[in-house]
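The block underneath contains the structure these notes are about, expressed in structure tokens.
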Amino acid sequence: MRENMLSNKLKEAREYERKYLEEKGLDDRPLFHATGTVGWINDPNGFCRYNDEYHLFYQYYPYDRHWGPMHWGHSVSKDLIKWQYLPCAIAPDEEYDKDGCFSGSAIETPDGKLLLVYTGVIKKEEADGTERDYQQQCVAIGDGVDFEKVEINPVIPTEMIPAGNDIHDFRDPKIIKNGDKYYCFTVNRHADNSGQVLVYESTDGLKWSFAKVLDMSENKVGGIWECPDYFDLDGKRILIVSPQETKGDGENIFPGFNNFFLVGQGKDFLDFNRQTVQPIDLGTDFYAAQTVETADGKRVMIGWMQNWETCNYENDKHDYYGMMTMPRELRIKDGIVYQNPLKELSNYYKDKVSYNNVVVEKEISLDKISGRIFDMTLDITPEDKAKSYDFGIKLAKDLNYETTIVYDSKHHTITLDRNKSGVTFGSLGSRTFKVDSADNHIKLRIVMDKYALEVFVNDGKQAAAMKIDTPIQVEDISFFSDEKLSMNIVKYDFDLTKF
Ligand code: FRU
């Protein structure tokens with residue numbers, strides 16, 4: 001598409017990004033957690049492989065650190081670790097998306113173009129004077145940088161919601177090709193007020209018809225669902241949904257916003273029999289996950305590393321607000337989805353430090369174990385296997401700050417606590433979740449990237465993401481325990497010149 005065919009809104013966003021980069025340059029960004037060029041981001045969108053690169057779009061409002069009329073920001077990567085910014089991809093510049101281009105997905109077309117499917121939002125005044133959203137699915141096609149919205153938008157209008165369901169909540173299309181057909185998985189609010197996934201089918205990605213309701217909450221798996229994804233993994237079939245308005249279970253399902261793997265099985269492509277509900281991430285900051293299949297057949301997931309409940313607080317003062325988790329590889333073992341950092345992360349390692357059988361008693365620190373950008377694995381065994389203990393790590397610590405991770409072997413819990421990390425909001429200062437740790441032994445992999453903390457428990461059986469706001473120069477680390485423990489530790493720093 002020629003530059004002069006771009007809308008004024010898109011030109012304005014691109015010009016704003018260009019000026020920002022030219023005049024200010026990127027400020028204090030994490031290295032391998034993707035951020036937007038400038039301003040606000042939320043959900044990952046259009047996470048796909050195209051022309052041997054991985055494209056990551058995201059919900060984006062460049063002009064502010066707060067949510068606003070949604071654009072799609074855009075980054076690209078060769079290995080999913082190191083990201084490069086591309087210009088803003090789409091802006092809310094048409095009558096049918098004037099109030100926002102909401103979340104969606106992307107797929108390569110048979111003629112080598114990249115097709116984006118997103119939700120066009122318009123606000124309309126209702127008879128009672130209130131303003132309500134109308135959400136319809138739209139398509140834009142392009143070359144991987146510039147995209148043209150198709151004339152027949154919206155391609156899946158409100159009228160195609162099966163009768164009896166809500167006509168306002170209808171969004172976040174995930175497009176998938178199976179055989180010679182395209183399928184579009186969208187969320188919608190059922191008449192019972194909770195979430196469901198509606199599937200549409202098409203032979204060209206443009207003309208769609210309703211296929212079926214794939215799964216629904218029935219008010220048991222949270223309220224409205226958002227951001228679906230659907231794929232097969234190691235003999236199971238997985239539907240990802242992000243429910244709002246979830247009732248907590250006092251263990252690993254937290255009230256409010258959640259993100260779940262609905263794990264099941266099915267015969268043909270649209271057959272889904274849900275067997276289990278697995279919370280994806282047990283930290284404070286994870287939502288709206290999307291996946292991609294890599295060139296070598298891995299299923300890789302990325303999530304928005306933020307929480308709608310706390311994202312309106314102005315803690316840090318960066319030019320960007322919001323980031324993605326690092327991409328995590330998914331595998332199934334014994335019916336459970338495991339998540340682990342990609343092995344490509346190790347291409348960026350430098351300075352390995354390791355200690356074996358360190359005795360941890362009270363609080364200790366270790367030579368060369370400090371920093372704000374590292375990948376560190378700890379293996380903890382109590383000297384007396386029968387005795388329960390509390391073991392903890394303090395990160396990003398000095399006299400004023402610390403972020404702690406505590407494993408309580410008696411209650412089989414892990415607590416991530418950021419109450420002293422600089423955050424100024426009162427909720428979600430800490431999070432406690434249950435772990436499987438039968439023999440009192442625990443393995444923790446902690447990946448820190450400046451303000452991003454991701455913890456992988458017992459080889460990725462559980463994961464927890466938390467964002468902190470501690471000043472970057474605060475970087476001490478210590479370990480503590482109330483019983484005598486033995487700890488093996490391996491830590492790598494990252495070669496900053498490679499980013
Ligand atoms: C999820 C979500 C989506 C919507 C988008 C708007 O975080 O609410 O359902 O498309 O954010 O930015």
Side-chain angles (χ1 to χ4, degrees), residues 13 36 39-47 56-74 88-92 96-106 116-123 132-140 154 156 158 161 166-175 184-190 194-198 217 222-229 239-246 256-260 280-281 284-291 301-312 321-325 465 467:
W40 164 278
I41 67 168
N42 56 287
D43 316 353
N45 293 160
F47 190 26
L56 176 68
F57 302 83
Y58 30 80
Q59 290 287 278
Y60 182 45
Y61 187 60
Y63 309 111
D64 199 346
R65 288 163 41 85
H66 293 277
W67 192 87
M70 282 290 107
H71 298 54
W72 277 31
H74 192 184
C88 179
I90 53 173
Y96 52 80
D97 63 18
K98 67 180 177 50
D99 293 309
C101 300
F102 275 17
S103 285
S105 53
L116 313 181
V117 196
Y118 68 97
T119 301
V121 180
I122 37 179
K123 291 189 186 300
R132 297 289 306 270
D133 269 15
Y134 283 82
Q135 307 181 332
Q136 314 187 86
Q137 317 325 319
C138 304
V139 163
I156 310 182
T158 306
I161 301 171
D166 180 73
I167 56 164
H168 301 286
D169 283 305
F170 180 45
R171 59 181 175 276
D172 306 343
K174 170 79 192 195
I175 187 167
C184 183
F185 298 75
T186 59
V187 295
N188 173 239
R189 196 185 285 274
H190 184 267
S194 67
Q196 61 181 344
V197 172
L198 306 181
S217 165
I224 178 72
W225 288 352
E226 301 188 301
C227 303
D229 200 349
L239 173 64
I240 289 183
V241 291
S242 290
Q244 294 183 7
E245 306 149 356
T246 322
F257 295 90
N258 273 280
N259 207 174
F260 293 141
I280 298 183
D281 187 284
T284 46
D285 296 289
F286 191 95
Y287 198 63
Q290 273 202 353
T291 69
M301 177 186 72
I302 206 165
W304 179 42
M305 196 163 158
Q306 192 58 268
N307 189 314
W308 281 116
E309 279 181 44
T310 53
C311 65
N312 279 319
Y321 194 93
M323 61 177 143
M324 300 300 166
T325 62
K467 192 195 159 247

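Since this is a predicted model, take the numbers as computed values, not measurements. We count ligands from 1, going down the list as the structure has it; atoms in each ligand are counted the same way. Residue indices begin at 1 and follow the sequence shown.
- Two residues are said to be in side-chain contact when any heavy atoms from C-beta on lie closer than 4.5 Å; C184 and I156 meet this criterion.
- Salt-bridge formation is detected for the pair R171/D169: a Lys NZ or Arg NE/NH1/NH2 atom is positioned less than 4.0 Å from an Asp or Glu carboxylate oxygen.
- Regarding atom 8 (O) of ligand 1, its nearest protein heavy-atom neighbour is E226 OE2, 2.8 Å.
- Relative ring orientation between W40 and Y321 is described as parallel, the plane-to-plane angle staying below 30° on a 0-90° scale split at 30° and 60°.
- Using a 4.0 Å cutoff on heavy atoms, N42 counts as a contact of ligand 1.
- Looking at M70, Q135, Q59, Q306 and measuring to atom 6 (C) of ligand 1, the nearest heavy atom belongs to Q59.
- Near S103, with a cut-off below 4.0 Å to any heavy atom, the atoms of ligand 1 are 5 (C), 10 (O).
- The aromatic rings of H74 and F57 lie parallel to each other, their planes meeting at an angle below 30°, with 60° marking the opposite boundary.
- Between the side chain of D43 and the backbone N or O of N45 there is no donor-acceptor pair closer than 3.5 Å.
- Ranking protein heavy atoms by distance to atom 7 (O) of ligand 1, first place goes to D43 OD1, 2.7 Å.
- In the vicinity of Y287, heavy-atom distances shorter than 4.0 Å reach the ligand 1 atoms 1 (C), 7 (O).
- Two residues are said to be in side-chain contact when any heavy atoms from C-beta on lie closer than 4.5 Å; Y58 and P44 fail this criterion.
- Shown in contact with W308 at under 4.0 Å from a heavy atom are these atoms of ligand 1, numbered in order with element: 1 (C), 7 (O), 11 (O).
- When each atom of ligand 1 is checked for a heavy atom of D172 under 4.0 Å away, the hits are 3 (C), 4 (C), 9 (O), 10 (O).
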